[in-house]
Amino acid sequence: QVQLVESGGGLVQPGGSLRLSCTASGFTLDYYAIGWFRQAPGKEREGVSCIRSSDGRTYYADSVKGRFTISEDNAKNTVYLQMNSLKPEDTAVYYCAASIQRYSPPPPYDYAGAYDYWGQGTQVTVSS
């Protein structure tokens, strides 16, 4: 069984920071990418960031560039999303997702259909 578990969400003031973690277990095939998505109330799910396993290449939504950083710790089988300078519009449920399929050509990083496994989500609330 493949399982992704997110942690690190919570309530933070504008300008504050949080670090989200996504720990994976039960993989029987190598994954090709780990992505972070978020969904705010009344809005569609949107891609936030992605890291490619083969070379560590990263991708970010324009709205979070310069503020968020994705990284991985292979020894712990964990991917992190460091979120700095948080804004109220960052409030959402954040999900991590893993892609285990190889596509040629590769799809956009924020194409949710390319991801095979999803975590349960963790709530991030940015408010005074």
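Atoms considered below: every heavy atom in the structure, side chains included; atoms not considered: hydrogens, waters and symmetry mates. Since we're looking at a predicted model, the values are computed, not measured.
Between L81 and S49 the shortest side-chain heavy-atom distance falls below 4.5 Å. When side chains are defined from C-beta on, C50 does not count as touching I34, because their heavy atoms never get closer than 4.5 Å. Looking at heavy atoms from C-beta onward, Y59 lies in side-chain contact with R52 at the 4.5 angstrom threshold. The shortest distance between side-chain heavy atoms of Y109 and R57 does not fall below 4.5 Å.
At least one donor-acceptor pair under 3.5 Å links the side chain of E6 to the backbone N or O of Q120. A side-chain donor-acceptor contact under 3.5 Å links S99 to the backbone of A114. Looking only at distances, no side-chain donor or acceptor of Y80 sits under 3.5 Å from a matching main-chain atom of T69.
Here the closest heavy-atom approach between residue S21 and residue T78 is recorded as CB-CG2, 4.2 Å. In terms of heavy atoms, L18 sits closest to L86 at N-CD1, 3.9 Å. The two atoms that bring S25 and N77 nearest to each other are N-ND2, 4.0 Å, heavy atoms only. Minimum heavy-atom separation, Q123 to A92: NE2-O, 3.5 Å. Nearest approach of L4 to Y117, heavy atoms of both residues: CD1-O, 3.4 Å.
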Dump the intermediate steps for side chain to side chain donor-acceptor pair (under 3.5 Å) on Q101 and Y103, then the final yes or no.
CA-CA 6 Å; Q101 301 183 53; Y103 297 94; 3.2 Å; yes
Starting from the C-alpha separation in whole Å, work towards a yes-or-no answer on side chain to side chain donor-acceptor pair (under 3.5 Å) for T125 and T91.
CA-CA 5 Å; T125 302; T91 296; 5.3 Å; no
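Taking CG of D116 as the start and CD1 of I100 as the end, the distance is 4.5 Å to the nearest 0.5 Å. The structure places CZ of F68 at 8.0 Å from CG of L20, a figure rounded to the nearest 0.5 Å. The CE atom of M83 lies 11.5 Å from the CZ atom of R19; values are rounded to the nearest 0.5 Å.
Pairs passing the salt bridge (Lys or Arg N to Asp or Glu O under 4.0 Å) check and including a residue from residues 86-100, sequence neighbours excluded, read R38-D90, R67-D90.
Residue Y95 shares its hydrophobic cluster (ILVMFWY side chains chained together at separations under 4.5 Å) with F37, V93, Y115, W118.
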